[in-house]
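Scope of the values below: all heavy atoms of this structure, side chains included, with no hydrogens, waters or symmetry mates.
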Amino acid sequence: MSDRRKALRYRSRILQSEDERRPETHPLTWRLHDDGRVVNLEDYRAQEGYEALEAVLKGDPKAVIAAMKEANVRGRGGAGFSAGLKWSLTLQGGDMPRGYLVCNADEMEPGTFKDRLVMEQQPHLLIEGMIIGAYANNSKMGYIFLRGEYVECAHVLNQALAEAREAGWLGTDIAGSGFDFDIVLHSGAGRYICGEETALISSLEGKRANPRAKPPFPGQSGAWGKPTVVNNVETLCNVPAVMLKGSDWYQQLSGDRTDDGGTKLYGVSGPVQRPGLWELPMGTTGQEILELAGGVRNGRKLKAWLPGGASTGFLIPEHLELPLDFDTVGKEGSRLGTGLLTVVTEDQSMVSVMRNLEQFFARESCGWCTPCRDGLPWVVKLLQALECGEGEEGDIEMLAKLAKDNGPGLTFCAHAPGAAMPLETALKHFRHEFEQGIRHPRRAAHADPIPVGEI
Amino acid sequence: MNPSNSMPPRTIATDGDGFSLHPDDLEAIRGELHHFEQPQAACVEALKIVQRREGWVPDGAIPAIADALGLGPATIEGVATFYSLIFRQPVGRHVILVCDSSSCFLTGFDELRQGLVDQLGVEFGQTTEDGRFTLLPVCCLGACDGGPALMIDQDTYGPVLPKDLNDLLEAYP
C-alpha cells in the first residue's frame, strides 16, 4: 500500500492519551492503547476484565437489575431510557421462554462515531457487558447487530468472541455457574432504520426492516415473539464497571454536573480544528467539548450545533454553557441523542444543511407510515426550492406543518420525529435564512414558462 | 402456443435461470441456519454470501436462496430490494460508497463528489464503462472525525480531498 494511501486510511481513535485515562475515572476507555491496537483477552483479563462477570454469576440476577437501576445508566443510543428500568420490564420467570439480548451496534446516526471505537479496540468490554445483561434478563442467546460497513469491527469482534468462547466465558455452564449463553455476530446490509429497536428485530429475523407498533414492547415480545432486550453498545459497555465498583461510584463520576451518572463518549465533528472523541463526565458542557476540539476551523464563528446526531434539534452558541445530559438538553427543545456534536459555522447555509439532513431522512424512511414516506420528500422539495431562491410564500408555513405532522406519536417509530426536530428548531432559530429563499409572492405570476416541443 | 402472448410479465424470477448456488455458498447458508430460531433470519446473510462471490445478486439467485431456506422467492426479493448494500444490478469490480451525511456535508462532501464525478465520468448509481467502479452514496459511515469520508470495497478513508483521489483509486485496478 502506498504511504499516501495508508495515511488516508480512517482509524478510529480517542484523543486522550493513556496517561489521562484512569480506571477510576474512565471506565469505558482506560484500557485502550495509545497506538490503537486491540485490547485482547490477555490484556483485558489482566486489567479487571471479566471480574465483574465472575462476581455477578455468583449472585442473584435481580441484584444486577437493581444495581443498574440505582446507577441510573441511561441508554446511550440516544433515547436515554434507563437500562435498569428496561431490564426490570423484561418478562421472565418459570412460565416464560428464555429470550434474547441484542446489542444495537448499527451505528448510523449522522455525526456518530463512538461505538466503532469500543468495538474495534476493546471488544471484550462489550462482550462482558452483554453476558452480564443476559444473566440479568435470563437471555439464552445474544446477537450483536453490527452495521455492514463496519468491516474492521466484525473482524475484531469475531476474533474476540472466539477467544471468549475458548476461555469459557461463552457457551454452556459459564465459569461453572450453570448459566448458558452465547453470542452471534449479525452483520447488516445497510439502511439507517435498522437502528430503531423494533426495526432492528425485524431485520434480525430476516425481514424488511419495518418498525413494529409498541406495545408490545420488545421486552414482552421481541425477536420471534420472545422477550428481547435491545441495548446500545456504549450502554452495555457501562455494565461491567457498574457491577464491579458499585452504583455510588458510578453516580459520583459525573460529580455535581448532573443527576445522570457515569461518563459519556462525547465527540465533535464538522468544521472544527481537532474533530474527535473523548470520554468525559456526564454533563460536560458543549463549551468544554468544543474547546477540546480546538474550536471552529479557520477563525470562523459557530452558528449552530447538533448535540447528538441528525435527529436532534439545533442549538445555538448560547446553549454551549449547558451541561450535556438528557434532561437539560431536552428542556431546550432538543435531545442529547448520542452526545456527539455536529458543528455548523457562520458561513454555512442553514437551508442547505437542512436540505442535506432531510434528504437523508427521506431516503432512509422505510416507507411504512404515510407522513414519513410522503411528507419527507415534500420537505426536501420545499427546501431545494428555498435553497436556490425559488421558494414561494407559504413554503415556510408548509415546512412547519409537515414537521408537526411528523411529530411524536403520529408514526410507528421515531424516524419521522427525528426528521422533524432539526427542522423545527432550524425554523425557530434561523427563520430569516429560510425567508431569503422566497422569491414569488403567493398567486403572483411566475416567469414565462418555457414551451416544450413543437406546437 | 405463442410464448410471447402466454408469458406473464415477470417481475420476480421463479425459476433458476440456469443459476445454481456454489456448493460452498450453499453450505455457508445452511451453516447460518443454526444461529437463528427461524430460517428466514439467514436470508440477509445468504444474499451477502451470494454477493461476495458474484459481486451482485443475479435474478436466478433469488429462487435459489428461497429454495435453500424453504421460503418463497417474493420474500427473498422483498428483502433483497430493501437493503442498500444488497445489489440487484451488476456493479463494477470496486464499489465506492461516499458518505453524504451531515458531518461530511459540512466538511467537503460536495467537492469530493464532484472530484469523483470528474475523475470517473459517472454519477451516483452508475458504473464506469470499463466496469471498474460503481459510485454510490451511503449513510453516515461513522468516520465523522475524518470527514469527508468514503469507502472503497472494505476500506474506509478520510478525510479525503479531491486531490487525493488519483493515489487512492489507482490501488483498485
Side-chain angles (χ1 to χ4, degrees), chain A residues 1-2 4-5 8-13 107-113 115-116 141 143 147-152 184 186-192 203-209 223-224 226 267-271 275-277 306 310 340 342-345 348 352-353 356-357 359-360 363-364 366, chain B residues 34-48 51 69 71 75-76 78-86 97 99-110 137-147 149-151 153-161 164 167-168 170-171:
Chain A
M1 192 189 284
S2 78
R4 182 67 199 131
R5 192 160 76 87
L8 289 170
R9 277 295 275 270
Y10 175 77
R11 294 255 171 262
S12 197
R13 69 211 164 108
E107 183 168 71
M108 235 184 271
E109 179 70 27
T112 305
F113 48 99
D115 297 340
R116 179 200 274 268
M141 180 74 123
Y143 295 102
R147 67 177 296 188
E149 296 91 335
Y150 278 10
V151 181
E152 179 68 17
V184 168
H186 173 89
S187 160
R191 296 306 293 267
Y192 170 71
S203 185
L204 187 67
E205 291 178 355
K207 298 172 180 157
R208 293 166 74 91
W224 301 289
K226 307 287 193 312
V268 188
S269 66
L277 264 181
L306 292 163
L340 279 85
T342 309
V343 161
V344 183
T345 57
Q348 294 178 311
S352 299
V353 172
N356 171 266
L357 286 172
Q359 274 180 325
F360 168 83
R363 180 182 75 196
E364 296 303 326
C366 80
Chain B
H34 301 303
H35 297 155
F36 305 103
E37 213 169 287
Q38 289 176 5
Q40 182 166 352
C43 84
V44 175
E45 192 54 38
L47 289 161
K48 288 172 82 170
Q51 187 164 291
L69 299 179
L71 296 160
T75 303
I76 306 297
V79 171
T81 51
F82 186 90
Y83 294 97
S84 51
L85 296 181
I86 301 295
L97 300 173
C99 174
D100 64 354
S101 294
S102 42
S103 298
C104 288
F105 178 76
L106 291 160
T107 50
F109 157 77
D110 278 334
V138 72
C139 273
C140 180
L141 280 174
C144 318
D145 51 343
L150 56 75
M151 220 176 151
D153 299 339
Q154 310 280 296
D155 309 321
T156 306
Y157 297 98
V160 181
L161 301 175
D164 299 322
D167 278 336
L168 210 50
E170 75 178 14

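Heavy-atom pairs under 4.5 Å with chain B peak, among A:Glu107, A:Lys207, A:His186, at A:Lys207. Note on A:Arg11, A:Met141, A:Met108: by heavy-atom pairs under 4.5 Å with chain B, the leading option is A:Met108. Between chain A and the options B:Asp164, B:Val138, B:Leu47, the largest number of non-hydrogen pairs under 4.5 Å is found for B:Asp164. Among the candidates B:Ser84, B:Ala171, B:Pro137, the residue making the largest number of heavy-atom pairs closer than 4.5 Å to chain A is B:Ser84. Your options are A:Leu8, A:Thr112, A:Leu204, and the one with the most heavy-atom pairs under 4.5 Å with chain B is A:Leu8. Among the candidates B:Gly78, B:Cys43, B:Cys139, B:Ala80, the residue making the largest number of heavy-atom pairs closer than 4.5 Å to chain A is B:Cys139. Counting heavy-atom pairs closer than 4.5 Å to chain A, the top residue among B:His35, B:Gln40, B:Gln154 is B:Gln40.
Distance alone, capped at 3.5 Å, is enough to place a donor-acceptor pair between the B:Lys48 side chain and the A:Ser187 backbone. Side-chain atoms of A:Arg4 do not come within 3.5 Å of backbone N or O of B:Asp167 as any donor-acceptor pair.
Every residue meeting the side-chain contact (heavy atoms from CB on, under 4.5 Å) condition with B:Pro39, not counting sequence neighbours, appears here in chain and number order: B:Leu33.
The structure places CD of B:Glu170 at 9.0 Å from CZ of A:Arg5, a figure rounded to the nearest 0.5 Å. Atom SG of residue B:Cys140 and atom CZ of residue A:Phe360 lie 7.5 Å apart, to the nearest 0.5 angstrom. In this structure, OG in B:Ser101 is found 6.0 Å from CZ in A:Arg363, a value given to the nearest 0.5 Å. We find the SG-CD distance between B:Cys144 and A:Glu109 to be 10.0 Å, quoted to the nearest 0.5 Å. Atom OG1 of B:Thr156 and atom CD of A:Glu152 lie 9.0 Å apart (nearest 0.5 Å). Atom-to-atom distance recorded for B:Phe105:CZ and A:Ser352:OG is 5.0 Å, nearest 0.5 angstrom.
Interface remark: B:Ala143 contributes backbone and side-chain atoms alike to the contact with chain A (heavy atom separation under 4.5 Å). Residue contact with chain A, scored on non-hydrogen atoms closer than 4.5 Å, involves the backbone and the side chain of B:Gln38 alike. Looking at A:Ala223, there are no atoms closer than 4.5 Å to chain B (heavy atoms on both sides), in backbone or side chain. Contacts of A:Arg191 with chain B are made by both backbone and side-chain atoms, with heavy-atom separations under 4.5 Å. The parts of A:Val353 that come within reach of chain B are both its backbone and its side chain, each placing non-hydrogen atoms under 4.5 angstrom from that chain. Looking at A:Ser203, the atoms closer than 4.5 Å to chain B (heavy atoms on both sides) sit in the backbone and in the side chain alike.
Using a 4.5 Å cut-off on side-chain heavy atoms (C-beta onward), B:Leu106 and A:Val343 make no contact. A heavy-atom distance below 4.5 Å is found between the side chains of B:Glu37 and A:Lys226. B:Ser102 has its side chain within reach of A:Asn356: a pair of non-hydrogen atoms, C-beta onward, lies under 4.5 Å apart. Proximity of A:Glu149 to B:Leu85: side-chain heavy atoms (C-beta onward) are separated by under 4.5 Å at one or more points. Looking at heavy atoms from C-beta onward, B:Asp100 lies out of side-chain contact with A:Gln359 at the 4.5 angstrom threshold.
Here the closest non-hydrogen pair linking A:Arg208 and B:Val79 is N-CG2, 4.1 Å. For the residue pair A:Cys366 and B:Phe82, the shortest heavy atom distance occurs at CB-CZ, 3.9 Å.
Here the rule is side chain to side chain contact (heavy atoms under 4.5 Å, CB included) with A:Tyr10, and of B:Val160, B:Asp155, B:Leu150, B:Asp145 only B:Asp145 fits it.
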